[in-house]
Amino acid sequence: MVMEDVLLHGTLHLTIFEVDGISGGKSAAFFHKLTKEIGKCIACGRPTFKLYTTVDIGKTRVSRTRLTESGPCNPIWNESFHIYCAHSTSQITFSIKQADPIGATVIGTALLPISEIVKGQEVDRWLEISREEHTSLHHGSKIHVKLKFDSAAEDPHWCKGIRSPDFLGVPHTFFEQRKGCKVTLYQDAHVEDGFTPKIHLASGKHYEPHHCWEDIFDAISNAKQFVYIAGWSVYTKITLIRDLKRQKPGEDLTLGDLLKMKADEGITVLMLVWDDKTSVRDLKKDGVMATHDEDTRSFFHGTRVHCVLCPRNPDNGRGLVQGTEIATIFTHHQKIVVADSKASGGESGKREIVSFIGGIDLCDGRYDTPSHPLFRTLDSVHHNDFHQPNFGGASIKKGGPREPWHDVHCRLEGPVARDVLLNFEQRWRKQGHGDNLLVNVSAEVFKPPSEEVLLDDSETWNVQLFRSIDGGAALGLPDTPGCAAKHGIIRGKEYPIERSIQDAYINAIRRAKNFIYIENQYFIGSSFSWESSDAKVQEAGALHLIPKELSLKIVSKIEAGERFAVYMVIPMWPEGVPESPSVQAILHWQHQTMEMMYKDVARAIRNNGLDADPTDYLTFFCLGNRETEKYGEYVPTEQLEHDTDYRRAQRSRRFMIYVHAKTIIVDDEYIIVGSANINERSMDGARDTEIAMGAYQPHHLDDKPHRARGQIYGFRMSLWHEHLRERHRSFDHPESLECVQMVNQIADRNWSLYCSEKPDRDLPGQLLKYPIAIAEDGKVAEQPGMEFFPDTKAKVLGSKSHVLPSLLTT
């Protein structure tokens, strides 16, 4: 009998207790048969083997237990899991496996029909274990499980937003939500004075943009006890202060010299920099990613700055040869600065913690402003910081366009800053030098945490820290079953794994009432729901839920007869030569993700009899700039080869603005900012290491009829001003059809101007409609006449790679 697939959208609470009938006593016959198959023996002649259980919803792996030895006794786990689901399937499969040096042997499987739990009923029973052919392994072989499914639609927070200042944050995470914090939001590394128009906030205030690299410079310069930095790339030759109208003492110091100066003052300076295994000292220092890791280590060698290059050794469940490959593919992607600062108020002379996290690396190519120039700063702030990795052999001598860089970052103060500090300490203890060199944050020097709380301030924030990380990168993750379940820690083959960033996104999307605005460097995921014949979930492996959660949110609003809008801002293409196999493969997976979402939305429109377009609810944008030539511009000293992307872009005076931000804004009341991309690498927990924060202002919530008008609203409006350079009343209600159509109209106009033959003026706005066409059934295709991105021979929809592993590109 074939069971129908059922949508399981919500949270599955699961406990796996034990397996019976695999060893000793009444099942001795089966036990001996099994040990003969796997051929394991230990001391005293007693056979033993390491078992674990995996859990699959449909064909998607969602969890696994830790390894446990089985010998004379049955394997017992008593492990609990809280699993977010957005899968259509007919059954849950429990696979009991024996761990081999490479891979695993499936001993047997047990099945539970989805129909038994989908309505919320609790199931607590022994399930029969069968072979792959579904014949009984041995009479009495069974696994004890307990399951309870909570539907997303019946969750008290579903579509309700934050609702109350007493909102407790995302459940089952390592870090608790902290009250009474301070958050500063940054767009780009620097913002020129006078950039933002008056954005009116609650209580008669106006939004004021902030200056990221200036504030980081001040934090390092004013530190008295320590400066800790963790980064994907840290380049010693950059300068943080470049605005001639905002000069500071010491502004000419490079980052490397600034850190050495602080270390020479007796301050503890510790650095954790990703060790790019493709860079080799004295051979190829830059490496494939051009992170300058070897240059950075060499610069600080013999100084008082302690710089450690950290390879990424993730829990990947692979053998030695494959593990070496994985260490080359995955990265430490957190971008952190933590320092001590002068305490505000309170006892004189005391210090407190300030932390910076987000998407901006302290390296070359990242300094930019909301104007995102292509050519006009090549003889000034970007002359010695020319970044253009999308063309082979690009250099300042050959001229622009440079690659503009759009990013988002934040500063955290108060109790949550100590959580960022703890994250660094956990990583240092694992891959640095243990407890050695870490500064003791004692009460004699530092303000007590209780005095850092700003509960009475109307601008206070509640903030929660999230991570993607595992025990291969940090010490101190809970590993016992009860503690791990409480903190949302799952078990890998070798290490405990935290993936709370994905959990935070899922919770934020499910709470959303009106709209979601996302900026991210990548957008790939939910491959279990792709419909393309050549996109197999086992092959792509992009299993995180975020794209599917977004489309299910839109579908639920369509079915309820309510407005909802999702705005997605992504790069035109991933950084790199656009025709290259890796970039084309990423675009191919992105195409599959987009199409899955649009088909969900189109199906809901059709089923509810609406006269609407899928882009009325979901739209993808990218950013670009185009400049007319100005008198006195920098003149390159070398000529470009004919018929190259580089030459075409230089002649057309246009190029994409690279979107490197990783942020989501929900209903103008909740924001996530961090280092994590929306792909499997960032969300898995056992791949790239990441950090993010989720925050809201308890005095500025979206509570009808009052809309949220705090700092998050001001930040979104400032971002929209940067991208659109227009202001319309409908922007205050992003979910409205009027707003969606207005933004799409502006983006369509900008795209037409971007693609026109020759510009007669600068591009009036940077937001461009992503160059795809959406059919009524949600199918995603090329725009007519737009197979390739402008000035390139790179396919907009990408192409599948039969050589590169999906681990690299998803």
Side-chain angles (χ1 to χ4, degrees), residues 11-19 22 48-57 60-70 74-85 92-107 109-110 143-147 170-175 312-319 322-323 326 330 426-427 430 466-503 506 541 543-545 680-681 683-690:
T11 306
L12 179 64
H13 305 283
L14 165 68
T15 300
I16 300 176
F17 296 105
E18 61 179 318
V19 168
I22 283 191
T48 187
F49 41 93
K50 291 186 176 182
L51 295 179
Y52 65 101
T53 297
T54 60
V55 184
D56 293 72
I57 299 178
T60 305
R61 179 68 38 80
V62 295
S63 193
R64 59 163 287 166
T65 65
R66 69 190 187 283
L67 291 172
T68 185
E69 287 194 356
S70 179
N74 289 314
I76 298 175
W77 290 287
N78 290 330
E79 287 190 59
S80 296
F81 309 89
H82 307 282
I83 302 168
Y84 294 106
C85 312
I92 297 176
T93 304
F94 300 90
S95 301
I96 297 87
K97 299 182 178 181
Q98 188 265 331
D100 298 329
I102 298 179
T105 301
V106 179
I107 305 304
T109 59
I143 182 170
H144 184 196
V145 297
K146 182 169 72 173
L147 304 91
V170 178
H172 309 300
T173 57
F174 183 82
F175 293 105
R312 178 66 179 118
N313 301 314
D315 188 313
N316 52 69
R318 290 169 173 79
Q322 293 161 303
I326 298 307
F330 296 135
Q426 287 181 324
R427 289 191 55 192
K430 181 66 179 182
F466 308 113
R467 295 186 296 187
S468 293
I469 204 165
D470 63 17
L475 283 181
L477 294 182
D479 206 15
T480 58
C483 194
K486 178 183 177 182
H487 293 95
I489 304 298
I490 60 175
R491 184 68 206 184
K493 186 174 182 180
E494 298 179 49
Y495 302 123
I497 299 170
E498 178 186 350
R499 52 176 64 156
S500 57
I501 296 178
Q502 180 182 169
D503 296 349
I506 292 168
L543 303 179
H544 72 87
L545 305 188
E680 196 65 19
R681 292 177 60 117
M683 295 296 168
D684 180 82
R687 298 189 182 186
D688 292 351
T689 57
E690 309 284 4

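For Arg427, the salt bridge (charged side-chain N to carboxylate O under 4.0 Å, His left out) criterion is met by no residue, not counting sequence neighbours. Applying the salt bridge (charged side-chain N to carboxylate O under 4.0 Å, His left out) rule to Glu690 yields no partners; only residues at least two apart in sequence or on another chain are considered. Considering only residues two or more places apart in sequence or on other chains, Asp503 meets the salt bridge (charged side-chain N to carboxylate O under 4.0 Å, His left out) condition with none of them. Under the side chain to side chain donor-acceptor pair (under 3.5 Å) criterion, Glu18 pairs with no residue, sequence neighbours left out.
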Using a 3.5 Å cut-off and no angle test, enumerate the donor-acceptor pairs between side-chain atoms of residues 75-82 and protein atoms at least two apart in sequence or in another chain.
from: Trp77; atom 1: NE1; to: Thr65; atom 2: OG1; distance (Å): 3.3
from: Trp77; atom 1: NE1; to: Arg66; atom 2: O; distance (Å): 3.0
from: Glu79; atom 1: OE2; to: Arg66; atom 2: N; distance (Å): 2.8
from: Glu79; atom 1: OE2; to: Arg66; atom 2: NH1; distance (Å): 2.9
from: Ser80; atom 1: OG; to: Thr15; atom 2: OG1; distance (Å): 2.9
from: His82; atom 1: ND1; to: His13; atom 2: ND1; distance (Å): 2.9

Acceptor/donor pairs from residues 483-490 side chains to any protein atom, 3.5 angstrom cut, sequence neighbours excluded:
from: His487; atom 1: ND1; to: Cys483; atom 2: O; distance (Å): 3.0

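If you take CD1 on Ile497 and OG on Ser468, they are separated by 10.5 Å, rounding to the nearest 0.5 Å. With rounding to the nearest 0.5 angstrom, the CD1 atom of Ile57 is 3.5 Å from the SG atom of Cys85. A distance of 6.0 Å separates CZ in Phe330 from CZ in Arg681, rounded to the nearest 0.5 Å. Here the CD1-CD1 distance, from Ile96 to Ile16, works out to 8.5 Å after rounding to the nearest 0.5 Å. Of the inter-residue distances, the one linking Leu67 atom CG with Lys50 atom NZ reads 6.0 Å to the nearest 0.5 angstrom. The distance from atom CZ of Arg61 to atom CG of Asp56, rounded to the nearest 0.5 Å, is 4.0 Å.
Although no hydrogens or angles enter the test, the distance criterion places no donor-acceptor pair under 3.5 Å between the side chain of Gln502 and the main chain of Asp684.
Of the options Ile92, Leu147, Leu12, a side-chain contact (heavy atoms from CB on, under 4.5 Å) to Val55 is made by Ile92 and by none of the others.
The minimum heavy-atom distance between Met683 and Arg499, with the atom names listed, is O-CB, 3.6 Å. Of all the heavy atoms in Thr109 and Ser95, the pair that sits closest is CG2-OG, 3.5 Å. The nearest pair of heavy atoms linking Ala473 to Arg312 is CB-NH1, 3.8 Å. Shortest non-hydrogen contact noted between Tyr52 and Ala104 is OH-CB, 3.1 Å. The nearest pair of heavy atoms linking Ala686 to Asp470 is CA-OD2, 3.7 Å. The two residues Phe94 and Thr53 come nearest to each other via the heavy atoms CB-CG2, 4.2 Å.
Side-chain contact between Ile469 and Leu477 is present, with heavy atoms from C-beta onward closer than 4.5 Å. Side-chain contact between Asn74 and Val19 is absent, with no heavy atoms from C-beta onward closer than 4.5 Å.
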Step by step, work out the side-chain contact (heavy atoms from CB on, under 4.5 Å) result for Ser500 and Val170.
CA-CA 9 Å; Ser500 57; Val170 178; over 6 Å; no

